[in-house]
Amino acid sequence: ASLQRVNASLSTFDSTSIISRINQNDTLVVVDSLFAHVFETAWQVSQNTHGAFDITVAPLVNAWGFGFDPTRRRTQTTIDSLKNCVGYQKIALQDGKITKTMPCVQLDASAIAKGFGVDEIGKFLESKGIANYMVEIGGEVRTKGYNPNGVRWRIGINKPDDDALSVNNEIEQVIELTDISVATSGNYRNFYIKDNKKYAHTIDPRTGYPVQHNILSSTVLAADCSTADAYATAFMVLGLEASQKVLEKNPEIKAYFIYSIDSVNTGIWYSPSFKDIIKK
């Protein structure tokens with residue numbers, strides 16, 4: 001029931017959801033508390049990452065074939081035109097309603113809603129008096145207390161090998177967590193190849209094109225999973241150096257990056273305090 005409420009609010013694949021009705025320019029729709037919370041979190045992350053995270057990226061995600069409208073339309077002219085409809089400053093939440101500066105603005109919460117769903121399940125368990133749990137949906141995780149062996153929850157970070165079918169699950173690193181959330185973004189699962197070129201699902205809302213930065217996998221720790229989810233995506237867009245600068249200004253967020261050095265070799269960088277949770 002908790003997940004159904006999340007979908008009814010934030011799923012773009014449900015034509016009757018709140019977010020879908022907003023995308024359809026239904027002026028009568030009033031947002032619920034779930035939507036409002038996600039919107040406010042998204043807005044904050046957008047500001048902190050200079051627009052690298054942006055829930056108005058929907059027209060571009062659809063154009064590249066990764067959204068709720070799978071038609072691929074990606075000429076330079078089309079992308080330039082769609083960029084005019086993208087920008088988190090073009091929407092606002094006022095008196096329970098979303099206002100847009102342009103009717104073509106559409107929202108896509110897929111880079112934050114999954115983490116929010118994890119949070120909602122965690123809160124539900126806590127409301128039932130459960131003090132020890134690990135909730136995972138599609139790689140996004142929220143932990144509380146300890147595992148059945150009385151130690152911190154052990155979570156694996158996958159090696160970022162191209163694996164669209166999720167067959168390979170080789171572990172790069174194991175981390176030990178309690179009372180914190182973790183989310184990982186990467187372009188090694190959701191992509192397609194056309195004309196010998198790889199198109200990854202993470203779209204830079206500022207350029208309109210799939211990201212080509214050196215980060216292969218972005219793992220983020222935060223107090224709640226929706227925040228971790230959003231930052232993990234933003235760091236994929238920003239690349240290594242720009243992400244490090246954001247982390248310096250937001251010390252409550254911790255990250256572990258696997259990045260490409262060249263066509264063969266990879267490197268690892270993580271926040272200084274991240275070393276405390278790496279399993280020795």
Side-chain angles (χ1 to χ4, degrees), residues 9-12 17-27 29-31 34-116 185 187 199-213 215 218 226-227 229-239 242-243 245-246 249-250 253:
S9 181
L10 296 159
S11 173
T12 52
S17 70
I18 289 174
I19 195 169
S20 292
R21 291 172 61 194
I22 290 170
N23 287 344
Q24 297 158 10
N25 293 317
D26 182 345
T27 58
V29 63
V30 176
V31 307
L34 283 69
F35 185 99
H37 178 86
V38 167
F39 182 87
E40 290 164 5
T41 300
W43 180 270
Q44 188 62 57
V45 176
S46 294
Q47 288 190 310
N48 291 347
T49 61
H50 312 292
F53 181 83
D54 194 326
I55 63 170
T56 68
V57 75
L60 294 170
V61 173
N62 286 333
W64 287 100
F66 293 107
F68 50 87
D69 175 3
T71 307
R72 294 172 184 166
R73 308 175 297 270
R74 53 174 192 273
T75 65
Q76 176 73 52
T77 302
T78 301
I79 297 302
D80 286 345
S81 175
L82 291 174
K83 279 170 58 180
N84 294 323
C85 303
V86 175
Y88 71 98
Q89 304 94 333
K90 297 178 180 179
I91 53 172
L93 178 57
Q94 298 175 330
D95 300 323
K97 291 188 175 185
I98 291 291
T99 58
K100 308 177 184 181
T101 60
M102 305 170 67
C104 65
V105 174
Q106 290 188 312
L107 310 184
D108 183 346
S110 60
I112 189 173
K114 188 163 57 175
F116 180 70
S185 286
N187 287 323
Y199 294 94
H201 80 284
T202 304
I203 309 300
D204 187 336
R206 303 163 304 177
T207 66
Y209 283 81
V211 296
Q212 299 290 332
H213 284 306
I215 293 182
S218 164
S226 56
T227 298
D229 200 3
Y231 273 107
T233 298
F235 293 149
M236 289 298 301
V237 171
L238 287 169
S243 295
K245 292 178 181 178
V246 171
K249 295 180 180 179
N250 299 274
I253 306 296

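Small disclaimer: the values here were computed from a predicted structure and weren't measured. Side chains are part of it too, since the values below use all heavy atoms of this structure and drop only hydrogens, waters and symmetry mates.
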* Residues I19, S11; criterion side-chain contact (heavy atoms from CB on, under 4.5 Å); working and verdict -> CA-CA 7 Å; I19 195 169; S11 173; 5.7 Å; no
* To do: Decide side-chain contact (heavy atoms from CB on, under 4.5 Å) for R206 and L238; before the verdict, give the C-alpha distance in whole Å, the side-chain angles of both, and the deciding distance to 0.1 Å.
  => CA-CA 10 Å; R206 303 163 304 177; L238 287 169; 3.8 Å; yes
* Asked: For I18 and L10, what are the C-alpha separation, side-chain angles and deciding distance, and is it a side-chain contact (heavy atoms from CB on, under 4.5 Å)?
  -> CA-CA 6 Å; I18 289 174; L10 296 159; over 6 Å; no
* To do: Mind running side-chain contact (heavy atoms from CB on, under 4.5 Å) on N62 and Q106 for me, showing each step along the way?
  => CA-CA 10 Å; N62 286 333; Q106 290 188 312; 4.2 Å; yes
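For D229, the side chain to side chain contact (heavy atoms under 4.5 Å, CB included) test picks out K114, E140, A183, with sequence neighbours left out. For S110, the side-chain hydrogen bond (donor to acceptor under 3.5 Å, both in side chains) criterion is met by D108, not counting sequence neighbours. For S20, the side chain to side chain contact (heavy atoms under 4.5 Å, CB included) partners are S17, Q24, not counting sequence neighbours. Residues meeting the side chain to side chain contact (heavy atoms under 4.5 Å, CB included) test with T101, sequence neighbours left out: K90. Residues meeting the side-chain hydrogen bond (donor to acceptor under 3.5 Å, both in side chains) test with N84, sequence neighbours left out: none. Legend: residues meeting side-chain hydrogen bond (donor to acceptor under 3.5 Å, both in side chains) with T227, ordered by chain and number and at least two apart, are D224. By the ring pair (Phe, Tyr, Trp, His ring centres under 6.0 Å) test, F39 is found to be paired with no residue, residues two or more places apart in sequence or in another chain being considered. D80 pairs by the side-chain hydrogen bond (donor to acceptor under 3.5 Å, both in side chains) definition with Q76, not counting sequence neighbours. Every residue two or more places apart in sequence or in another chain that forms a side chain to side chain contact (heavy atoms under 4.5 Å, CB included) with T99 is listed here: A92, Q94. With sequence neighbours left out, the ring pair (Phe, Tyr, Trp, His ring centres under 6.0 Å) criterion links F116 to H37.
Nearest heavy-atom pair across I203 and L60 is CG2-CB, 4.0 Å. Residue V105 comes nearest to C85 through the heavy atom pair CG2-O, 3.4 Å, listed as atom of the first residue, atom of the second, then distance. Shown here for I215 and F235, the closest heavy-atom pair between the two residues is CD1-O, 3.4 Å. In terms of heavy-atom proximity, N25 sits nearest to P103 at ND2-O, 3.1 Å.
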All N/O donor-acceptor pairs, side-chain side in residues 45-53, below 3.5 Å, sequence neighbours left out:
{"residue": "S46", "atom": "OG", "partner": "A42", "partner atom": "O", "Å": "2.9"}
{"residue": "S46", "atom": "OG", "partner": "F53", "partner atom": "O", "Å": "2.6"}
{"residue": "N48", "atom": "OD1", "partner": "Q44", "partner atom": "NE2", "Å": "3.2"}
{"residue": "N48", "atom": "ND2", "partner": "Y231", "partner atom": "OH", "Å": "2.9"}
{"residue": "N48", "atom": "ND2", "partner": "N250", "partner atom": "OD1", "Å": "3.4"}
{"residue": "T49", "atom": "OG1", "partner": "V45", "partner atom": "O", "Å": "2.7"}
{"residue": "T49", "atom": "OG1", "partner": "F53", "partner atom": "N", "Å": "3.4"}

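The distance from the CD1 atom of I55 to the OG1 atom of T12 is 11.5 Å, given to the nearest 0.5 Å.
A distance-only check finds no donor-acceptor pair linking the side chain of D204 to the backbone of Y209 [under 3.5 Å]. Of the possible polar contacts, none joining the S81 side chain to the T77 backbone as a donor-acceptor pair under 3.5 Å is found.
Considering only heavy atoms from C-beta on, I22 comes within 4.5 Å of K100 through its side chain. Side-chain contact check for P59 versus V86: some heavy-atom pair is nearer than 4.5 Å. You'll find the side chain of S226 stays beyond 4.5 Å of the side chain of V38, heavy atoms only.
Within the structure, ring-ring contact (aromatic ring centres under 6.0 Å, His included) contacts touching residues 88-110 (residues at least two apart or in different chains) are W43-Y88.
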